[in-house]
Protein chains: 2
Amino acid sequence: MKKTILIFGMLILALLLLFQFSKYAVISGSLKVELIVAVIAIVFFFIGVFINKKSLKPNQTESAEINHNKIKDLEISSREYEVLLHISEGLSNKEIGEKLFLSESTIKTHVSNLFLKLNAKRRTQAVQIAKACKII
Amino acid sequence: MKKTILIFGMLILALLLLFQFSKYAVISGSLKVELIVAVIAIVFFFIGVFINKKSLKPNQTESAEINHNKIKDLEISSREYEVLLHISEGLSNKEIGEKLFLSESTIKTHVSNLFLKLNAKRRTQAVQIAKACKII
DNA sequence: CACCAAGTCATACTAAAGTACCAAAGCACT
DNA sequence: AGTGCTTTGGTACTTTAGTATGACTTGGTG
């Protein structure tokens, strides 16, 4: 956030300088009007491209970015989250247990708790909800 | 594609007009230099935003496109595909049956055939494989 | 017409998944 | 030292899911 403010501040400063310079140049007649207009056009064009890229980046990565706050909101513990990830990989409770060196009953407990927190009735539904919440 | 060319043609035309107008206005002194510079800056800024948006759109939708050829390769029938979509939504066999006005046993048959074709053992795994294949 | 693939449905069974309830160890915090 | 939370694990039970097999219908194709 601080970086953004700094960059925008610098941008505005540069623009003011450009503005003043163009006015001075026109009045003094040291430069052609076309050239100044062209420079301003190009500069603002790239500013437009730049700002748009900045504002679109979150949209692009949003689908792939994990919403950590949502996980906390749902009160999902770290162990439960691990289990959730393995569920989304298509593993069975037994397989998850073997991967995490836990018994199947422990996994079942975690899964049941996950369903309560995600408001799901099936593991497929849990995966769907988790993806909709951008948790996985 | 034709649309894009048309739009860009119009844009260039509009810019030339703006350019000529600004030159004329400055020479005749009917408008202040600041105003013209500001207008040009704003116009080019929005052009930058617009072009950037256009060029970024394909990148955004690329990841969501469905590979129809893959479905045919796997010999997945249309009914089976319907069932697959509902599985990915987190529905149970009974719920899918109710949605498609079919009995639960029919859904089970489709699901079993899907698992053979997708080489899956569980519905969660089937969803994961289908997503990896860009089928859903 | 005969044949085939797709779709439908049923029964019977096994294997997972999921629920409910309990219990205990470990930890951080006060 | 007590409290609350997570993590772990168990038993017992119900519900889905998944497999295997067979049967019937239908629309298109050789």
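All values derive from a computational prediction rather than experimental measurement. Order of the sequence lines fixes the chain letters, A, B, ..., with proteins taken first and strands second; residue numbering starts at 1 for each chain.
- Both A/Ala120 and B/Ser103 lie near DNA chain C, and the one whose nearest nucleotide falls closer to the 5' end is B/Ser103.
- Looking at heavy-atom distances under 4.0 Å, A/Thr106 makes contact with a base.
- In this structure, NZ of A/Lys108 is placed 16 Å from P of C/dC21, rounded to the nearest angstrom.
- In this structure, B/Gln125 atom CD and D/dA17 atom C1' are separated by 14 Å, rounded to whole Å.
- The nucleotide whose nearest atom lies closest to any side-chain atom of B/Val111 is, among D/dG18, C/dT8, D/dG10, D/dG18.
- Checked against D/dT7, D/dT19, D/dT16, the side chain of B/Ser112 finds its nearest nucleotide in D/dT19.
- Rounded to a whole Å, the CG atom of A/Leu102 is 18 Å from the P atom of C/dA25.
- In this structure, of C/dA10, C/dG18, D/dT8, it is C/dG18 that holds the atom nearest to the side chain of A/Phe115.
- As judged by a 4.0 angstrom heavy-atom cut-off over every strand, B/Thr109 is placed among the base-contacting residues.
- Listed nucleotides: C/dT8, D/dG9, D/dT7. Nearest to the side chain of B/His110: C/dT8.
- Within the 4.0 angstrom heavy-atom criterion, base atoms lie near B/Ser105.
- Taking atom NZ of A/Lys94 as the reference point, atom C1' of D/dG9 lies 17 Å away to the nearest angstrom.
- Side-chain proximity of B/Ser92 to D/dT7, C/dT8, D/dA17: nearest is D/dA17.
- With rounding to whole Å, A/Asn113 atom CG is found 12 Å from C/dA20 atom C1'.
- Checked by atom type, the side-chain pair A/Ser112/A/Thr109 shows no donor-acceptor distance below 3.5 Å.
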